[in-house]
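Right, one structure below, let's go through it.
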Amino acid sequence: IVIIALFIPIQAGAAIYVYEDEKGVKHYTNTPTSGRYKIAALPRLNTPRGNTSGSMYRQTRRIPAVSRDPGQYDHHIEKAADAHMVDPLLIKAIIKAESDFDRYATSSKGAQGLMQLMPETARDLQVGDPYNATQNINGGTRYFKRLFDAYDGDLARSLAAYNAGPGRVTKNGPLPRIKETLEYVQRVTGYYRRYQQDESAAIPSVSKIEKLVTVN
């Protein structure tokens, strides 16, 4: 009864009154018939006002049903791979590990989209909408290419830096002893190896990383 009462249409500006009987049951009305009723403190609807573009729009928009078909992004992956000279199967492996091909994925730390770009990284890469597949994949691939070059083509360190941040990964010495990062490197390289062995996962591209670095 209480739940149904909360959804009764109310004329704008009309007050809702409530009283709780001796059994603990709350009674709601907009036309109180006795002094037992007091004005109810009901939660306000959080309705955005003004311009709904930009970050406000992304936070409040209705998220459509997401198709997890990896092949739907092959075209975007191929373009980004050719533009930045990164093996497309590696990009695909990163996307699999980061978002499992959910373009609207948002982590608890705020990373967004297919390749899970942090907002400040997205701004640096000039990614205007991190939930746009083309922008996200291109930006994420460009960022990974920066790391891959900075670590002299060391795949394990590049992936570790993508996950933990370049400030935590040195060019020499062991990978940082961060459990999440070590598992991430192993997971991506595992997906990468699987895609290399799976002919159905092939994406035509002129760019290839010839040697797969594995983590023991």
As an exercise, state the distance from [atom1] of [X] to [atom2] of [Y], rounded to the nearest 0.5 Å.
X    : Y    : atom1 : atom2 : value
R187 : L182 : CZ    : CG    : 11.5 Å
N136 : L117 : CG    : CG    : 4.5 Å
T189 : Q196 : OG1   : CD    : 10.5 Å
K96  : L89  : NZ    : CG    : 14.5 Å
L155 : Y192 : CG    : OH    : 7.0 Å
Y191 : E98  : OH    : CD    : 11.0 Å

Over all heavy atoms of both residues, which pair between [X] and [Y] is shortest? Give the atoms and the distance, please.
X    : Y    : result
Y151 : S158 : CB-OG, 3.9 Å
A97  : V188 : CB-CG2, 3.6 Å
A160 : L175 : CB-CD2, 4.1 Å
K92  : D74  : NZ-OD1, 3.2 Å
P119 : G110 : CD-O, 3.5 Å
Q116 : A105 : NE2-O, 3.1 Å

Sidechain-backbone polar pair: [X] side chain, [Y] backbone, donor-acceptor under 3.5 Å:
X    : Y    : result
Y195 : P88  : no
R142 : L125 : yes
R157 : T170 : yes

Quiz item: Between E183 and K179, is there a side-chain N and carboxylate O pair less than 4.0 Å apart?
Solution: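 Yes.
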Quiz prompt | Test log, rule side-chain contact (heavy atoms from CB on, under 4.5 Å), inputs I77 and I95 | solution = CA-CA 10 Å; I77 292 172; I95 294 173; 4.0 Å; yes
Quiz item: Given V127, which of Q135, M115, Q112 fulfils the side chain to side chain contact (heavy atoms under 4.5 Å, CB included) condition?
Solution: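 Looking at Q135, M115, Q112, the match for V127 under the side chain to side chain contact (heavy atoms under 4.5 Å, CB included) is Q135.
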Exercise. Determine the sole option in T141, L114, I137, N138 for which the side chain to side chain contact (heavy atoms under 4.5 Å, CB included) test with H76 is passed.
Key: I137
Quiz prompt | Any side-chain heavy-atom pair of F144 and H84 under 4.5 Å | solution = no
Practice problem: Would you indicate whether Q126, at its atom CD, is surrounded by more than 12 heavy atoms from other residues, nucleotides or ligands within a distance under 6.0 Å? | Solution: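 At most 12 heavy atoms, drawn from other residues, nucleotides or ligands, come within 6.0 Å of this atom.
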Exercise. On the 0 to 90° scale, with breaks at 30° and 60°, tag the Y162-Y143 ring pair as parallel, tilted or perpendicular.
Key: tilted
Quiz item: Stepwise, does the side-chain contact (heavy atoms from CB on, under 4.5 Å) test hold for Y184 with I178?
Solution: CA-CA 10 Å; Y184 174 82; I178 303 172; over 6 Å; no
